[in-house]
Undergrad: 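Mind having a look at this structure? Questions to follow.
For ligands, and for the atoms within them, numbers begin at 1 and follow the listed sequence. Side chains are part of it too, since the values below use all heavy atoms of this structure and drop only hydrogens, waters and symmetry mates.
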Amino acid sequence: MSQQNDSKLHSDAPIGVFDSGVGGLTVAREIMRQIPNEKIIYFGDTARVPYGSKSRDTITRFSKQIVRFLQTFEVKTIVVACNTASAYALDELEREIDIPIIGVVKPGAKTASEVTTNGRIGVIATEATIGSQIYTKYIKELNKDVTIYGKACPLFCPLIEEGLWQDPVTDEIARRYLSELIDIDIDTLILGCTHYPLIRSTLGRIMGDSVTLVNPAYETARELKEMLEEKGILNQEHPGLGANQYQFFVSDGAEKFKSFANSIIKYGILSAKTINIEEY
Ligand code: DGL
């Protein structure tokens, strides 16, 4: 991270959270649960989703635009609630901005390495995240004796963005994707895309009780809280009703996003606004 002046960060400033679409809401939901006093500005790049099939350059360019947009709200920190952007763009973003920024991959890797008992961990994620080998890198740094099996699941994100969370089509595709992981006896499966917790029940049913599903959102929110405490910028007072505590922005389809968000987050989300992200 570049040199930062923490005294410039205000505890009542919002936290910026972003993803390619609705997936990051699974992380936002966890932040709301663990640190309920915080304000959140969420951006979902619904016009350009999925990120998982795009190149490093494109993902980095998109992520930089979003960070510039979030900074217009003078956010005190940014959570990259997208594994693909965490894998490809986080290092560059860290170098560019002078506020703390955290991703979801490191926290997920940490949890999985603590959870496994047989040392066989599966990771399901986008093509880009699997291709980056980032989970393998971080998990091996924590425990070099584990074996990691990555499986790209490119159809999950579009199915989830279409709302097919509990649908025979998703079920069938999940069976195909997961069959090779079942055959190799993993005991831990990382949901390495923030969209996947939305089909957690399907994934859990197919993998069976002997496999622990790891959702990096929990650990990400925990690490975020810890970091805010360390820097003395955890919001101590609840912003109060009507204070626009949670604001949502997308690059397309605000109405559709709003109804998804309301089924994921139980705070009665009143609005989501469309903005032109290409302007940033
Ligand atoms: N939710 C994202 C992730 O965690 C990206 C999915 C996509 O846009 O392909 O990787």
Undergrad: Could you list the residues that satisfy side-chain contact (heavy atoms from CB on, under 4.5 Å) with Ser271, not counting sequence neighbours?
TA: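 Ser271: no side-chain contact (heavy atoms from CB on, under 4.5 Å) contacts found.
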Undergrad: I'd like to know if Ile99 and Tyr280 are part of one continuous hydrophobic network [Ile/Leu/Val/Met/Phe/Trp/Tyr, side-chain heavy atoms within less than 4.5 Å].
TA: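 Tyr280 clusters together with Ile99.
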Undergrad: N or O contacts of ligand 1 with protein under 3.5 Å, please list pair by pair.
TA:
| residue | atom | partner | partner atom | Å |
| --- | --- | --- | --- | --- |
| ligand 1 | 1 (N) | Asp19 | OD1 | 2.9 |
| ligand 1 | 1 (N) | Thr194 | OG1 | 2.9 |
| ligand 1 | 1 (N) | His195 | ND1 | 2.7 |
| ligand 1 | 4 (O) | Asn83 | N | 2.7 |
| ligand 1 | 4 (O) | Asn83 | ND2 | 3.1 |
| ligand 1 | 4 (O) | Thr194 | N | 2.8 |
| ligand 1 | 4 (O) | Thr194 | OG1 | 3.3 |
| ligand 1 | 8 (O) | Ser20 | OG | 2.6 |
| ligand 1 | 8 (O) | Tyr51 | N | 2.6 |
| ligand 1 | 9 (O) | Tyr51 | N | 3.3 |
| ligand 1 | 9 (O) | Gly52 | N | 2.8 |
| ligand 1 | 10 (O) | Asn83 | N | 3.4 |
| ligand 1 | 10 (O) | Thr84 | N | 3.1 |
| ligand 1 | 10 (O) | Thr84 | OG1 | 2.7 |

Undergrad: Are there over 12 heavy-atom neighbours, none belonging to Asp183, within less than 6.0 Å of that residue's CG?
TA: yes
Undergrad: Mind checking side-chain contact (heavy atoms from CB on, under 4.5 Å) for Leu142 and listing every partner two or more places apart, or none if nothing turns up?
TA: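 Testing Leu142 for side-chain contact (heavy atoms from CB on, under 4.5 Å), a comparison that skips the adjacent residues, returns Lys110, Ser113.
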Undergrad: According to ring pair (Phe, Tyr, Trp, His ring centres under 6.0 Å), who are the partners of Phe257, at least two apart in sequence or on a separate chain?
TA: Tyr42
Undergrad: Using atom types as modelled and distance alone, determine if a side-chain donor or acceptor of Gln245 lies under 3.5 Å from a backbone N or O of Glu38.
TA: yes
